[in-house]
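Below, chains carry the letters A, B, ... as their sequence lines are ordered, and counting in each starts from 1.
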Amino acid sequence: MISVSILLIVFGTEEVFLNIPNTNSFISESIDENNSKPIVDFLNLKLNKPQINKFSDNNIGKLHQLELCKLINLKFPETLITTSLADLKKFVTVHKIVITKPIENPFSKHIVNGKDLHFFTSSKLITSNILKKYTSDRFQASLFQKYTEKKFEIRSFYLNETFKSMAIFSQQNEKTKIDYRNYDRERPNRIVPFLLPKSIEKKLIKLMKLLGLNCGSFDLIYSVNDEYVFLEVNPIGQFQWLSRNCNHNIERLIAETLTNGE
Amino acid sequence: MNKTYFKLFANCIIVKGASRATICDLQRNKFQLIPLSLIDFFDDKNLIDLEKIKKQITEDSIHILNEYMDLLIENEFIFECNLKESKLFPSLSMDFDYPSTISNAIIDYDKNSNHNFQKIIDEYLIPTNCRHIQFRFYDGIELNYLNDIIKIVNESFIKSIEIIVKYNKTIPLERLKEWVSENKKIKSVTLHSYSKNQIVQEENFGFGIIVAVKQEINDESHCGIVHHNYFNVLIESFTESQNHNTCLNRKLSIDKNGNIKNCPSMSQSFGNIKDTTLEVALNHKEFKKYWNITKDQIEVCKDCEFRHICTDCRAYIEEPENQYSKPLKCGYNPYTNKWEEWSVNPLKQKAIKHYVMQDLVKK
């Protein structure tokens, strides 16, 4: 197993172990493979043209985002990153229900017996019952978050301070309760247009400025306690399903941004 | 403050007809018929205040209220929220926006046609950004000929095609299935004049379906049927129907003689592909004459609960002189809520004669 650097930082009142963000991301790999670095460098020089993010923004770390949320007072779930089963057990005792999800990229590539294996990891629940089955004290550095009971989830596409949001009612369906990507095609979750309160939009704009992004897709939770809980912002999020289901016409917004309204 | 209301999901839209209504579920692509009295439970913000309603109604109608609520909850048409939350859920925008001048095209062909398909696609469809084409072959055709057309399509940005073609014994169904599977842009193939009605190949994520039908489709007069089988419960068509015609908007057709038309069933031609450019045809002041005729303006349709999920036809109408009259081939009566065979309706016989459809109707 590859050794991981452990760094100690503090989130709220919790002590949290944090590993150095994984730079081995899917996108940078594929750029290298295509040998397209000179093209990307060239495009990055075109800063006088209207742009939607830069290639280098694809690697903005989730952990950095959470750290910034603290700074601007935007609520996010209690978070632990650890390689230790003992620490995880303590965390689960405090929060009862915990989820684990990929620290960075849900797509991972492994080489087994000379063959490429690709995995997609969705969010999974961890309870103390599940932990009883585990015997090894240490594991690959992983991210754990307190499970937030939600009324619905929010997906919001952001471009230059404009928000196009939708609410996802994932809680009626057992399949999608933990991760809405476990789609139910027969009876898909209700997804409808949504308006974020101005106070939340202001904080998200601040976050994007701190991250140096002009575009992204936010994942938020609207909790049973009526709180907006930030999960992450993805600089290369998919917007088509949001655009189509809410008739938001994001494609036009993007086209007009890139052509400067010409 | 924390009183509970029920709000209608923004993609479930009530359409009121003369004697009943539909809830059009634009997300799950289905509709639910509801009595008009159910609509009154919703206020102008699409909220149901159940406590208030319970106080207003009589004891013996409580069970009706409960039945209605069960229906709304069972279909997930409504969700619980408080007043503050309800304001965060705006209604669905009814704007229709589409990134092309022409969104769909029909190309007709029979044994006397002599189309240059490469030219039609390159000069009449690609420049308009049209991505969906229906080819209708009234007579039998060789698979090689179809294959030449599909090659042009495969190399273009055209996304989907539908083929209607006369059944031809020289093309074994097994070979046809193979060919359709190889060509992923084929949405459907309909074989007309077959010995029976049959699904030859099931659809695969909306593509590659092959059906055979007994019906002979030997000219354009077979088109224009309005029936619940052709309903579209989709955001795209629902929003388009608010301000545009659900059949003719952004449609371009090349009829079997090469005439450029809005629809092949219409008599008005805007020139022939032999001598008229796309630009000249499209800029003719009458080309878009029917594009913005909505169901809300059409007689009878404007009182119909299906008007925003239904197709339309302006080529064959009940009163040929009145462009706002009901589609001839619709057998639905929104005042009685009955579907009847349109062709035997005595009130339609005059129009049937006008369009010389007597033979078609007899079959």
Side-chain angles (χ1 to χ4, degrees), chain A residues 150-156 162-176 180 183-201 220-228 240-256 258-259, chain B residues 1-2 4-13 23-30 32 45-46 72-100 129 131 159 203 205-206 233-243 308:
Chain A
K150 51 207 165 199
K151 282 189 179 171
F152 50 86
E153 294 177 66
I154 300 157
R155 174 89 169 182
S156 185
T162 298
F163 290 84
K164 298 281 185 184
S165 310
M166 78 173 169
I168 307 166
F169 287 77
S170 52
Q171 299 309 287
Q172 282 98 330
N173 194 323
E174 282 304 319
K175 270 168 100 172
T176 56
Y180 65 70
Y183 306 110
D184 185 336
R185 297 199 190 270
E186 292 292 307
R187 209 176 155 88
N189 288 333
R190 281 288 172 208
I191 37 186
V192 287
F194 186 73
L195 296 167
L196 282 167
K198 286 285 163 235
S199 59
I200 297 296
E201 289 196 356
L220 299 150
I221 283 172
Y222 185 77
S223 77
V224 288
N225 303 319
D226 300 351
E227 286 174 312
Y228 292 85
Q240 292 95 329
W241 64 303
L242 161 61
S243 187
R244 187 174 306 139
N245 279 298
C246 298
N247 203 21
H248 276 329
N249 210 357
I250 291 171
E251 293 85 349
R252 178 175 284 280
L253 178 69
I254 291 173
E256 284 173 356
L258 289 177
T259 57
Chain B
M1 185 65 214
N2 275 323
T4 300
Y5 291 80
F6 291 90
K7 188 170 169 96
L8 191 63
F9 281 110
N11 47 26
C12 299
I13 300 180
I23 295 180
C24 298
D25 184 341
L26 303 183
Q27 187 187 356
R28 294 179 182 166
N29 316 129
K30 53 187 190 184
Q32 172 71 46
K45 298 198 168 54
N46 281 332
L72 295 171
I73 291 166
E74 173 55 32
N75 287 290
E76 289 180 351
F77 291 139
I78 54 173
F79 64 101
E80 271 183 61
C81 60
N82 60 43
L83 205 55
K84 192 178 156 200
E85 287 164 352
S86 76
K87 296 186 174 130
L88 301 169
F89 293 92
S91 52
L92 190 73
S93 159
M94 283 296 118
D95 291 346
F96 173 76
D97 201 351
Y98 194 85
S100 72
N129 229 352
R131 302 203 173 196
K159 271 188 164 172
E203 62 153 4
F205 289 97
V233 195
L234 297 167
I235 290 178
E236 290 85 343
S237 45
F238 193 93
T239 54
E240 185 173 24
S241 95
Q242 304 299 314
N243 293 301
H308 293 304

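- At a 4.5 Å heavy-atom cutoff, the contact between B:L88 and chain A is made by backbone and side-chain atoms alike.
- Heavy-atom distances place both the backbone and the side chain of A:N247 under 4.5 Å from chain B.
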(request) Take B:L234 and A:R244 through the test side-chain contact (heavy atoms from CB on, under 4.5 Å) and record every step on the way to the result. (result) CA-CA 10 Å; B:L234 297 167; A:R244 187 174 306 139; over 6 Å; no

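- Interface remark: B:N29 contributes no atoms to any contact with chain A (heavy atom separation under 4.5 Å).
- Within 6.0 Å of the CD atom in B:E74, the count of heavy atoms belonging to other residues, nucleotides or ligands does not exceed 12.
- When all heavy atoms are compared, the tightest approach of A:P193 to B:L92 is CG-CD1, 3.9 Å.
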(request) Run the numbers on A:K151 and B:C81 for side-chain contact (heavy atoms from CB on, under 4.5 Å), then give the verdict. (result) CA-CA 9 Å; A:K151 282 189 179 171; B:C81 60; over 6 Å; no

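- To the nearest 0.5 Å, the span separating CD on B:E76 from CZ on A:F169 amounts to 10.0 Å.
- Between the CZ atom in B:F77 and the CZ atom in A:R190 there is a gap of 6.5 Å [rounded to 0.5 Å].
- One finds the CG atom of A:N249 at 10.0 Å from the CZ atom of B:F96 (value rounded to the nearest 0.5 Å).
- Contacts of B:E85 with chain A are made by side-chain atoms alone, with heavy-atom separations under 4.5 Å and no backbone atom involved.
- The shortest side-chain heavy-atom distance between A:P188 and B:R28 falls under the 4.5 Å cut-off.
- Within the structure, salt bridge (Lys or Arg N to Asp or Glu O under 4.0 Å) pairs that include any residue of residues 88-99 of chain B comprise A:R252-B:D97 (at least two apart or interchain).
- In this structure, the side chains of B:K87 and A:L195 stay at 4.5 Å or more apart for every pair of heavy atoms.
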